[in-house]
Amino acid sequence: WVIPKGWPIKGMKSAKSAAQEAFEEAGIIGKVAKTPVGAYTYDKRLRNGRLQHVRVAVFALCVESEADAYPELGQREKRWLPLTEAATLVDEPELMVVLATFKPGAAKP
């Protein structure tokens, strides 16, 4: 399992880019925190087969609604889980820590 993520969107601040990715990948709409709540790294396989070491900034999003239709609908399975359970399902150890230690009330949109 992973969280919505993507390459930065040109001309858009990191937080807004993260919110856009959350919409495109999961149909999630809400207010995004301006500063990251954590970060993690992983190796992404590019189309040419090369591995790119990527650092992902994780932003909290206060979900206000979910769209019935969004760009990547049907490409992924979406699940809502308690943070402690979600942390046990991801492969990246650093993301595990971000999820396990996240305090929803501490992130300010």
Side-chain angles (χ1 to χ4, degrees):
W1 288 94
V2 296
I3 59 174
K5 64 187 175 310
W7 297 108
I9 300 171
K10 188 176 181 172
M12 197 177 280
K13 293 188 184 234
S14 296
K16 291 289 184 190
S17 183
Q20 181 65 33
E21 289 294 334
F23 171 73
E24 290 177 9
E25 294 185 16
I28 297 169
I29 301 163
K31 290 188 172 81
V32 66
K34 291 180 175 41
T35 58
V37 295
Y40 70 99
T41 56
Y42 77 105
D43 291 324
K44 179 179 181 71
R45 179 138 338 253
L46 303 176
R47 288 187 181 131
N48 64 10
R50 189 171 64 91
L51 281 180
Q52 173 76 43
H53 193 68
V54 178
R55 179 173 173 82
V56 178
V58 178
F59 290 85
L61 182 77
C62 182
V63 177
E64 296 172 337
S65 63
E66 293 181 69
D68 292 329
Y70 48 94
E72 298 180 25
L73 177 66
Q75 295 179 25
R76 296 170 175 78
E77 180 183 338
K78 178 170 52 172
R79 268 201 201 168
W80 290 101
L81 301 167
L83 288 168
T84 53
E85 185 177 348
T88 67
L89 296 175
V90 297
D91 289 333
E92 296 85 2
E94 294 167 306
L95 180 55
M96 262 183 224
V97 173
V98 171
L99 293 172
T101 60
F102 176 65
K103 304 287 185 244
K108 303 285 185 216

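- When all heavy atoms are compared, the tightest approach of M96 to V90 is CE-O, 3.1 Å.
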Determine, step by step, whether L89 and R79 satisfy the side chain to side chain contact (heavy atoms under 4.5 Å, CB included) criterion, reporting the C-alpha distance in whole Å, the side-chain angles of both residues, the deciding distance to 0.1 Å, and the verdict. CA-CA 11 Å; L89 296 175; R79 268 201 201 168; 4.0 Å; yes
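- Inter-residue side-chain proximity for Y70 and I28 is flagged as unmet; no heavy-atom pair is nearer than 4.5 Å.
- Hydrophobic clustering (ILVMFWY, side-chain heavy atoms < 4.5 Å, transitive): L73 and I29 are in one cluster.
- Residues V2 and L51 do not share a hydrophobic cluster, clusters being chains of Ile/Leu/Val/Met/Phe/Trp/Tyr side chains in contact below 4.5 Å.
- Contact of the P4 side chain with the F23 side chain is not registered, since no non-hydrogen atoms from C-beta on lie closer than 4.5 Å.
- Considering all non-hydrogen atoms of both residues, V98 and G38 come closest at CG2-CA, 4.1 Å.
- For K78, the NZ atom counts as densely surrounded, since its 6.0 Å shell holds more than 12 non-hydrogen atoms of other residues, nucleotides or ligands.
- Annotation for A33 and A15: closest pair O-CB, 3.3 Å, computed over non-hydrogen atoms.
- With hydrophobic clusters built from ILVMFWY side chains whose heavy atoms lie under 4.5 angstrom apart, V54 does not share a cluster with V97.
- Between F59 and K34, the shortest heavy-atom contact is CE2-O, 3.6 Å.
- Side-chain atoms of S17 do not come within 3.5 Å of backbone N or O of M12 as any donor-acceptor pair.
- Listed by chain and residue number, R76 satisfy the salt bridge (Lys or Arg N to Asp or Glu O under 4.0 Å) test with E25 (two or more places apart in sequence, or in another chain).
- Among all heavy-atom pairs drawn from L95 and Y40, the shortest one is N-CB, 3.6 Å.
- For D43, the CG atom is densely surrounded, since the number of other residues' heavy atoms within 6.0 Å is greater than 12.
- Cluster membership for V56 and W7, using ILVMFWY side-chain heavy atoms within less than 4.5 angstrom, is shared.
- The nearest pair of heavy atoms linking V32 to K16 is CG1-N, 4.4 Å.
- The side-chain tip of K5 points at the ring of Y42 from less than 6.0 angstrom away and within 45° of straight on.
- Between E77 and W1 the shortest side-chain heavy-atom distance falls below 4.5 Å.
- Atom CD in E21 sits 12.5 Å away from atom CG in L61 (nearest 0.5 Å).
- Between K44 atom NZ and H53 atom NE2 the span is 14.0 Å, to the nearest 0.5 Å.
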